[in-house]
Amino acid sequence: MIDDRPAWLVKSEPSVFSFDDLWAAPDRRTVWDGVRNYQARNYLRDDMRVGDVVVFYHSNAAPAGVAGLAEVASAPYPDPSQFDPASPYHDPASDAAAPRWWSVEVRATRHLSRLVPLAELRADPRLAALDLPLLRRGNRLSVMPVPPGAVARIVELAAG
DNA sequence: GCCAACGTTGGC
DNA sequence: GCCAACGTTGGC
């Protein structure tokens with residue numbers, strides 16, 4: 001039952017890494033690295049658990065919206081890219097003994113029958129009643145919680 | 001490309 | 001600790 005599990009939304013720019021890219025990855029799986037915001041880091045490090053639902057959102061896209069579903073596929077671990085000088089996410093100030101940035105692995109589980117555009121999410125009264133952080137004004141978090149019931153509703157909209 | 005909203009940095 | 005400047009995000 002999808003609704004019994006905690007759910008999270010992650011953003012990705014599809015021109016960089018799309019849901020289809022995740023679907024095409026080995027084991028449909030990848031490390032979710034490069035998150036460089038403390039609030040999002042706290043969700044990754046402290047709250048995400050194996051089996052949690054992940055809503056894969058395309059940002060900076062036309063249209064932006066929910067592209068598919070995934071799940072948390074590993075326990076949190078220090079984001080390897082912070083220690084990699086060749087990575088654009090390299091953080092020379094991060095100490096290996098007390099890593100600043102964390103990752104989990106995610107695995108794609110379900111293609112939606114179509115992308116659900118942000119405008120449709122905003123227009124849906126049932127989602128509005130759930131107060132999705134994604135839909136709050138000025139939201140810029142790249143990892144955020146999804147309230148109970150919202151995933152099922154998004155799937156309904158996709159089937160819509 | 002524009003621009004509003006936001007997070008971070010750094011001078012004081 | 002304040003807050004202005006700056007850089008980034010992300011919808012349009």
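The chains referred to below are lettered A, B, ... by the order of the sequence lines, with proteins before strands, and numbering in each begins at 1.
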Legend entry - Nearest-0.5 Å distance that lies between atom CG in Leu9(A) and atom CG in Leu141(A): 10.0 Å
Inset, instruction - May I ask you to decide if Asp27(A)'s main-chain N or O and Arg107(A)'s side chain share a donor-acceptor pair within less than 3.5 Å? - result: no
Inset, instruction - Using side chain to side chain donor-acceptor pair (under 3.5 Å) as the criterion, list what pairs up with Ser81(A), not counting sequence neighbours. - result: Arg36(A), Asp79(A)
Legend entry - Heavy-atom closest pair, residues Arg5(A) and Glu71(A): NH1-OE1, 3.9 Å
Every protein N/O lying under 3.5 Å from an N/O of nucleotides 3-5 of chain C:
none

Inset, instruction - Determine whether Pro145(A) and Trp8(A) make a side-chain contact, defined as any pair of heavy atoms from C-beta on separated by less than 4.5 Å. - result: yes
Legend entry - Minimum-distance pair of heavy atoms, taken over all atoms of Leu44(A) and Trp102(A): CD1-O, 3.2 Å
Legend entry - Heavy-atom protein contacts under 4.0 Å, nucleotides 7-12 of chain C, coded B base, S sugar-phosphate only, - none: BBBBB-
Legend entry - Atom pair CH2/CD of Trp32(A) and Glu105(A) - distance to nearest 0.5 Å: 12.5 Å
